[in-house]
Amino acid sequence: MRSARHRRAAAVTSVLTAALLACLPVGSAAARDGSGHRDEPSLGRILVNPPTASLVLPFDSITDSSAERRLSDVAQNRLTTRCMARYGVTYARQDPPVVSGPEDRHRYLFGLADPVFAATHGYDRTAGEPRPPRPEQPELDEDAFTALYGHRPGDTPPFHDPLSEEEAQEQDSGVQVNGRTVPVDGCLGEGYRTLYVPTRASLDPTFPFQLAAEAHARAKEDSRLQRVYRLWSRCMERAGYPGIENPYLVQEKLNLWDDPGGPEAIAAAVKDVACKRKVNLVGFGAAVETAYQEQVSTEVADPLAAYRTQRAARLALAATLP
């Protein structure tokens with residue numbers, strides 16, 4: 001049985017997907033015409049084998065950087081701590097580590113693309129990047145647990161439709177700590193909602209990812225990029241790896257999931273990246289991706305503008321919560 005958190009996540013995704021589809025105009029490039037084809041947008045400048053770290057796509061401007069994600073995480077911790085204090089509970093969650101080093105948002109947008117990484121680690125994305133330790137969770141007595149999560153230890157977490165903080169304040173959780181009613185979904189819920197979905201009009205914070213996913217799905221079907229995929233596939237076939245239609249299928253077709261950093265994976269990865277560079281797959285892919293992100297942006301201009309305003313307000317609030 002799925003947890004309440006998973007049910008909430010599924011509900012948010014389904015609601016957002018429906019909202020996104022409603023925004024896309026009937027008969028636009030978002031829908032296929034009778035021949036099964038899409039209107040394909042014109043392409044801008046096509047760079048030659050650009051490093052993925054240098055790519056800047058339209059939706060980057062509405063997608064948090066690593067530093068902005070940390071800023072929001074820290075702010076959410078502070079909001080949760082303040083909420084807990086209202087119930088006489090001292091609570092301080094460890095903040096995530098400070099982000100350092102260059103950022104590569106689109107490192108795997110077109111599959112593996114770094115020749116040095118390919119020759120060293122193959123397809124093992126975890127190699128060379130040790131994960132920081134998970135922040136330690138403070139020990140919680142019964143009152144602290146109840147205030148934090150909005151239900152008593154051992155009780156089944158209540159399921160609520162996705163709520164904004166404005167809506168949550170109008171509901172009674174039916175749970176009290178030290179004589180005060182705790183928020184719906186506890187202080188964790190309040191901290192999250194205050195930052196990410198403060199009002200009924202708030203768009204879900206996954207909105208930019210849904211838009212990017214829509215643009216990416218369109219880009220992968222673009223006839224010009226499909227031609228580049230075919231050239232890459234022929235190159236891979238000549239290198240001894242036949243039957244791989246596009247670069248997202250390499251590990252599956254070659255059964256490399258169990259040992260993505262082993263000798264076989266490294267050998268395939270080296271050829272994969274070499275073939276990408278031979279056909280300029282990243283350069284073409286970035287141009288096509290940009291065109292479809294711009295297309296989607298036009299189709300959802302009003303909600304996109306609203307999300308930009310909402311995101312700016314979130315980051316401004318986060319900056320006041322050191």
Side-chain angles (χ1 to χ4, degrees), residues 3-6 8-9 11-12 62-99 132-208 306-322:
S3 68
R5 180 178 298 175
H6 289 156
R8 283 194 291 272
V12 167
I62 58 167
T63 306
D64 287 1
S65 66
S66 296
E68 288 169 334
R69 286 195 299 273
R70 183 184 184 277
L71 176 67
S72 294
D73 287 345
V74 171
Q76 189 174 342
N77 284 351
R78 299 298 178 271
L79 290 167
T80 302
T81 296
R82 291 182 183 184
C83 174
M84 295 288 278
R86 298 203 307 265
Y87 301 94
V89 177
T90 300
Y91 176 87
R93 189 173 186 177
Q94 183 179 343
D95 291 333
V98 175
V99 179
R134 292 175 61 88
E136 293 184 8
Q137 174 74 1
E139 292 189 13
L140 304 174
D141 61 20
E142 182 175 344
D143 282 349
F145 182 99
T146 303
L148 187 63
Y149 295 108
H151 63 89
R152 294 286 175 188
D155 289 353
T156 301
F159 172 66
H160 305 96
D161 290 331
L163 295 173
S164 66
E165 179 57 18
E166 181 181 6
E167 293 166 308
Q169 288 183 6
E170 297 170 356
Q171 295 195 14
D172 186 345
S173 69
V175 180
Q176 291 194 343
V177 170
N178 292 329
R180 300 190 65 174
T181 301
V182 302
V184 172
D185 293 327
C187 286
L188 278 180
E190 179 180 295
Y192 172 82
R193 292 187 302 263
T194 299
L195 199 61
Y196 289 99
V197 279
T199 72
R200 285 180 172 83
S202 297
L203 286 162
D204 189 276
T206 63
F207 189 58
Y307 182 81
R308 289 184 188 278
T309 300
Q310 176 182 319
R311 177 175 176 270
R314 167 171 58 86
L315 294 175
L317 172 60
T320 68
L321 298 165

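The structure presented is a predicted model; accordingly, all values stated were derived computationally and were not measured.
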Quick one: does Thr80's side chain have a donor or acceptor within less than 3.5 Å of a partner on Leu188's backbone?
no
Return the CG to CD distance between Asn77 and Gln94, rounded to the nearest 0.5 Å.
9.5 Å
Tyr307 and Phe207 aromatic ring geometry - parallel, tilted or perpendicular at 30°/60° bounds:
tilted
Are any side-chain N or O atoms of Ser202 and backbone N or O atoms of Thr199, one a donor and one an acceptor, separated by less than 3.5 Å?
yes
Quick one: pull up CD in Glu165 and CZ in Arg200 and give me the separation to the nearest 0.5 Å.
11.5 Å
First locate atom OG1 of Thr309, then atom CZ of Arg314, and finally report the distance between them rounded to the nearest 0.5 Å.
13.0 Å
How many angstroms lie between CG in Leu315 and CG in Asp64, if you round to the nearest 0.5 Å?
5.5 Å
Side-chain donor/acceptor of Arg70 to backbone N/O of Pro96, under 3.5 Å:
yes
Answer yes or no: are there more than 12 heavy-atom neighbours, outside Glu139 itself, under 6.0 Å from its atom CD?
no
Minimum heavy-atom distance between Pro198 and Thr194, given as atom pair plus value
CB-O, 3.8 Å
Please find the pair of heavy atoms, one from Val175 and one from Gly150, that lie closest to each other, and give the distance.
CG2-O, 3.6 Å
Approximate separation, where rounding is to 0.5 Å, of Thr181 OG1 and Tyr87 OH:
7.0 Å
Would you say Thr320's side chain and Leu317's backbone share a donor-acceptor pair under 3.5 angstrom?
yes
For Ala168, is there any backbone N or O sitting under 3.5 Å from a side-chain donor or acceptor partner on Arg193?
no
Arg69 and Val74, any side-chain heavy atoms less than 4.5 Å apart
no
Run the numbers on Tyr196 and Ser72 for side chain to side chain contact (heavy atoms under 4.5 Å, CB included), then give the verdict.
CA-CA 9 Å; Tyr196 289 99; Ser72 294; 3.2 Å; yes
Calculate, to the nearest 0.5 Å, the distance between atoms CE and CD belonging to Met84 and Glu190 respectively.
11.0 Å
Hey, does Pro205 have a side-chain heavy atom less than 4.5 Å from the side chain of Val197?
yes
With a 3.5 Å distance limit and no angle check, can you tell me whether Gln171 reaches the backbone of Pro183 through a side-chain donor-acceptor pair?
no
Taking all atoms of both residues into account, what is the closest heavy-atom pair of Pro158 and Asp185, and its distance?
O-OD1, 4.2 Å
Could you report the tightest heavy-atom contact between Pro208 and Thr63, atom names first, then the distance?
CB-OG1, 4.0 Å
Take Arg78 and Asp95, measure what salt bridge (Lys or Arg N to Asp or Glu O under 4.0 Å) needs, and give me the verdict at the end.
CA-CA 9 Å; Arg78 299 298 178 271; Asp95 291 333; 2.5 Å; yes
